[in-house]
Number of protein chains: 2
Amino acid sequence: MDLPDGADTRHYLGVRDSIAAHIENGDLGHNACLPSERQLQSGTGAARGTVRAALFQLEAEGLIYRKERSGWYVSPAPIVYDPTRWEGFMSYVKAQGRDPKTELLGTCEVQATAALADIFGVDAGATLYELRRRRYVDDRAVLVETIYVDPRLAPGLLDHDLDGSLTQVLKREYVVDVARNRIDMQPCALTQAEAAALRVKSGLPGLLVTRISYDAQGRVVEYDQEYWRHDALKVSVDIRVG
Amino acid sequence: MDLPDGADTRHYLGVRDSIAAHIENGDLGHNACLPSERQLQSGTGAARGTVRAALFQLEAEGLIYRKERSGWYVSPAPIVYDPTRWEGFMSYVKAQGRDPKTELLGTCEVQATAALADIFGVDAGATLYELRRRRYVDDRAVLVETIYVDPRLAPGLLDHDLDGSLTQVLKREYVVDVARNRIDMQPCALTQAEAAALRVKSGLPGLLVTRISYDAQGRVVEYDQEYWRHDALKVSVDIRVG
DNA sequence: AAGTGGTCTAGACCACGCC
DNA sequence: GCGTGGTCTAGACCACTTT
């Protein structure tokens, strides 16, 4: 690894710049693997801790990501996510020339906690369907989601094919239509469970997207919590005012 | 600092847990200052690097923040931001019982770059107004923004009072009304300029919120780039479907 | 088995905020 | 001027992935 003019690669921001320069020059393509930390070290004369500080910096900026104990890789371009669109993850990822995949991790019936009961307007302890899914772009896991549905609106939902768009299933099989959405987005850290599901280190920054869908009668159709990798996503919304 | 039952405070996740427990128990209120790194060290027997790893973890999670070379502090609750609401930052921060402040950093006239010209539909090199502002919640800087406006829509804009809602000024003084918004949100790292304006360390995670406002004729009214602290913000949107 | 990242230690010096 | 965080060094051992 050579350096741009006169950068001080003994400091972590200098090391950062020299690696960033290689990525931006196109020497390293998307998902390319970086040299090992010890190799980067010998290229710069810095201690390994310094090299790692530079790599953490680039990770926070979304330029690189890591696979546990395997190595550091160049991040691909983020995909654009429009929470107001309804054709679903699978089709808009495809529309951007990327390869989507959804994996159903599991389903179960749960008793509503106080918070869930409040959202659905049911009694605490009422039964709800719970779905956990993991979604991929180009074989990289980018989000895990937990979805809750009221069985009274969609009895027998768990017997259907849930590897695609849930909203489509609800519409087609149960004539349940979404009229309104409440969407929350909040930067967060990926904690134990989400991080494990995404196979990243716990504590990596992420984005929590929460969606509550209502039908025309104001009933809650679907409550969805999506934990995204922070570097996989760009949210874009077009909103009419008034 | 005592510990929850049996946590291993020699490891950074153990140190993290013991500090997090103190915050969540309410021992430390909002904006309270944590003990110094060297004090935390002696309380746990860990090396200072380990203590710092724990603090970085908590920072990524949004529980604490730092003031350069001053110390670590407990993060206050995030404010809720609704990009579809038009009464402006000042009033919705107040509505949440917090104390907002806007500071005009500077204004100027700039020549449109290729990207800006494309957004506004003008020739490259055309003149645009540029405003830079910094906004606070409870005297903590939470965002810096750069706003561009086409002078043909609002001649003499820079002579008005720009410490409040720009949209109000445009509506009141120029009868320019927003009919549509395109809003983009993307996790990012706060780079040099933004980090300096927010007085945080360069590289801290943030959220870039970009808004393009259009009037009923489809003309660009306002182009706004907001760089937010990642722990200051929760985006919440209510959207009608169909 | 070899190599990788993940973690940790125990020092050190500096620039800067605060008093 | 003292204490703080910011940065850096030069080791070490472990758990895991990869070959």
Side-chain angles (χ1 to χ4, degrees), chain A residues 7-19 31-60 64-75 139-141 189-190 192 195-196 198-204, chain B residues 7-19 31-60 64-75 139-141 189-190 192 195-196 198-204:
Chain A
D8 185 352
T9 48
R10 287 199 336 244
H11 297 9
Y12 85 102
L13 287 176
V15 177
R16 188 222 88 101
D17 291 344
S18 87
I19 299 172
N31 298 308
C33 187
L34 268 64
S36 79
E37 294 177 0
R38 287 163 176 91
Q39 272 179 291
L40 291 169
Q41 208 186 326
S42 67
T44 61
R48 195 171 143 226
T50 306
V51 171
R52 280 174 66 78
L55 293 167
F56 291 149
Q57 174 80 18
L58 289 162
E59 184 190 38
I64 64 175
Y65 66 100
R66 45 182 158 170
K67 296 185 194 164
E68 283 254 330
R69 285 167 219 282
S70 158
W72 296 88
Y73 300 82
V74 178
S75 292
D139 287 319
R140 184 168 73 131
L190 301 172
Q192 200 176 14
L198 293 175
R199 286 198 212 132
V200 300
K201 202 170 93 65
S202 174
L204 193 88
Chain B
D8 185 351
T9 49
R10 289 200 335 248
H11 298 7
Y12 84 103
L13 287 175
V15 176
R16 188 224 87 102
D17 291 344
S18 85
I19 299 172
N31 297 306
C33 187
L34 268 63
S36 79
E37 293 176 1
R38 286 163 177 92
Q39 274 179 290
L40 291 169
Q41 205 185 327
S42 67
T44 61
R48 197 172 143 223
T50 307
V51 171
R52 280 174 66 79
L55 293 168
F56 291 148
Q57 173 81 19
L58 289 163
E59 183 189 39
I64 63 176
Y65 66 99
R66 45 182 158 170
K67 297 184 194 163
E68 283 255 329
R69 287 169 217 281
S70 158
W72 296 87
Y73 300 83
V74 178
S75 292
D139 288 318
R140 185 168 73 131
L190 300 173
Q192 201 177 13
L198 293 175
R199 288 199 210 131
V200 300
K201 204 171 93 63
S202 174
L204 193 89

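Since the structure is predicted, the reported quantities are computational estimates derived from the model, not experimental observations. Residue numbering restarts at 1 for every chain, and letters A, B, ... go by the order of the sequence lines.
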Round to the nearest Å and state the distance from [X] atom [atom1] to [N] atom [atom2].
X      : N      : atom1 : atom2 : value
B:L40  : D:dT4  : CG    : C1'   : 12 Å
A:Q39  : C:dT4  : CD    : P     : 6 Å
A:R66  : D:dC16 : CZ    : P     : 16 Å
A:K201 : C:dG6  : NZ    : P     : 7 Å
A:L13  : D:dG6  : CG    : P     : 13 Å
B:W72  : D:dT4  : CH2   : C1'   : 12 Å
B:F56  : C:dT7  : CZ    : C1'   : 15 Å

Could you list the protein-to-nucleotides 15-19 of chain C atom pairs, N/O on both sides, closer than 3.5 Å?
| unit_1 | atom_1 | unit_2 | atom_2 | d |
| --- | --- | --- | --- | --- |
| C:dA15 | N3 | B:R69 | NH1 | 3.3 |

Do the side-chain N or O atoms of [X] get closer than 4.0 angstrom to the phosphate oxygens (OP1, OP2) of [N]?
X     : N     : answer
A:S36 : C:dG3 : no
B:T50 : C:dT7 : no
B:H11 : C:dT7 : no
A:R52 : C:dG5 : no

Q. Side chain to side chain contact (heavy atoms under 4.5 Å, CB included) with A:Q41: which residues, sequence neighbours excluded?
A. A:R38, A:R48, A:V51
Q.
Test of understanding: with side chain to side chain contact (heavy atoms under 4.5 Å, CB included), list the residues that count as partners of B:A189, not counting sequence neighbours.
A. A:E61
[X]: what forms a side chain to side chain donor-acceptor pair (under 3.5 Å) with it, not counting sequence neighbours?
X      : value
A:K201 : B:Y12
A:E59  : A:R66
B:R199 : none

Q. Is there a side chain to side chain contact (heavy atoms under 4.5 Å, CB included) between B:L34 and B:L55 once you walk through the steps?
A. CA-CA 10 Å; B:L34 268 63; B:L55 293 168; 4.0 Å; yes
Q: Output all residues satisfying ring-ring contact (aromatic ring centres under 6.0 Å, His included) with A:Y73, sequence neighbours left out; order by chain, then residue number.
A: A:Y65
Check nucleotides 10-13 of chain D against the protein and report each pair of N or O atoms closer than 3.5 Å, with its distance, or say if there are none.
| unit_1 | atom_1 | unit_2 | atom_2 | d |
| --- | --- | --- | --- | --- |
| D:dA12 | N6 | A:R48 | NH1 | 3.4 |

